[in-house]
Amino acid sequence: MAEDCLFCKILKGEIPSTEVYSDENYYAFRDINPGAPTHVLVIPRRHIARVSDASGGDAEVLGGLMLVGNAVAKLDGLTDYRLVVNCGPQAGQSVFHVHLHVLGGRDLAWPPG
Ligand code: DGP
C-alpha cells in the first residue's frame with residue numbers, strides 16, 4: 001500500500017467505490033467517469049505505480065489482471081470488449097497504481113485518441 005495513492009485508499013475503503021469483483025489479489029470497481037456502458041477498473045492489491053515499473057516478480061499478478069478483466073466482462077454480459085492499460089501521463093495515465101480498464105457495451109473506435 002502507498003500512503004498517498006488514490007487506488008490504495010479505495011482498497012482500504014477510505015474512498016467509496018462501486019465493487020464489481022474482489023478477491024485476495026484484485027479489486028474491480030466502476031470508473032467514476034465511464035467512457036462506455038461498461039467501464040470497470042481492475043487493480044492489483046499490490047501497489048505497482050505503472051506497468052513499466054513491473055519486473056519478473058510481477059508476472060503472475062499482471063497475468064492475473066487480464067484474467068480478472070475477462071471475468072469482469074463476463075459478469076457484465078460482454079463477449080466483445082477492450083482491455084487497456086495506460087502507462088505514463090502522455091498515454092493518459094492519471095492514477096499511478098496499475099489498473100486495467102475494461103470497456104464495452106458499445107462500438108469502440110480504433111485507434112483511440
Ligand atoms: P487512467 O487515466 O488510465 O489513469 O485511469 C484512471 C481512471 O480512474 C479514470 O478513468 C477515472 C478513474 N477514477 C479517478 N478517480 C476515481 C475515483 O475516485 N473513483 C473511481 N471509481 N474512479 C476514479
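This is a predicted model, so every value here is computed, not measured. Read the numbers this way: they start at 1 and go in the same order the structure lists the ligands and their atoms.
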[atom]: the protein heavy-atom neighbour that sits closest, reported with distance to 0.1 Å:
atom                    : answer
atom 7 (C) of ligand 1  : D31 OD2, 3.4 Å
atom 16 (C) of ligand 1 : I32 CG2, 3.8 Å
atom 14 (C) of ligand 1 : L6 CD2, 4.0 Å
atom 1 (P) of ligand 1  : H99 NE2, 3.1 Å
atom 21 (N) of ligand 1 : R30 O, 2.9 Å

Side chain, backbone, both or neither: the part of S94 lying under 4.0 Å from ligand 1 by heavy atom: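 For S94, backbone and side-chain atoms both sit under 4.0 Å from ligand 1.
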Test item: Q93 side-chain N/O and A49 main-chain N/O as donor-acceptor pair under 3.5 Å: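 It does hold such a pair.
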Donor-acceptor pair, side chain of R50 and main chain of N86, under 3.5 angstrom: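 Between the backbone of N86 and the side chain of R50 there is no qualifying donor-acceptor contact (under 3.5 Å).
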Where ligand 1 meets F7 - atom numbers and elements under 4.0 angstrom, heavy-atom basis: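 Close to F7: 8 (O).
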Subset of ligand 1 atoms that lie under 4.0 Å from at least one heavy atom of H101: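 Matching atoms, with element in brackets: 1 (P), 3 (O), 5 (O), 10 (O).
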Heavy-atom side-chain proximity of [X] to [Y] below 4.5 angstrom:
X    : Y   : answer
F7   : I15 : no
I43  : F29 : yes
V102 : V42 : yes

Minimum heavy-atom distance P44-H97, with the two atoms named: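 Heavy-atom minimum between the residues: O-NE2, 2.8 Å.
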Over all atoms of both residues, closest heavy-atom pair of V40 and A28: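 V40 and A28 have their closest heavy atoms at CG1-CB, 3.9 Å.
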L41 N/O under 3.5 Å from ligand 1 N/O: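 In fact, backbone or side chain, L41 has no N or O that close.
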Sub-3.5 Å N/O-N/O distance, H39 and ligand 1: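 No: no nitrogen or oxygen of H39 is under 3.5 Å from one in ligand 1.
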Please list every donor-acceptor pair under 3.5 Å in which a side-chain atom of residues 58-73 meets a protein atom from a residue at least two apart or in another chain.
| residue | atom | partner | partner atom | Å |
| --- | --- | --- | --- | --- |
| D58 | OD1 | R46 | NH1 | 2.6 |
| D58 | OD2 | S55 | N | 2.9 |
| N70 | OD1 | Y81 | OH | 2.6 |

Pairs involving residues 26-40, ordered by first then second residue, that meet side-chain hydrogen bond (donor to acceptor under 3.5 Å, both in side chains) (sequence neighbours left out):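 Counting only pairs at least two positions apart or across chains, the side-chain hydrogen bond (donor to acceptor under 3.5 Å, both in side chains) contacts touching residues 26-40 are S17-Y27, R30-D76, D31-H39, T38-D76, H39-H101.
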So, does [X] sit close enough to ligand 1 that a heavy atom of it is under 4.0 Å from the ligand?
X   : answer
G92 : yes
N33 : no
F96 : no

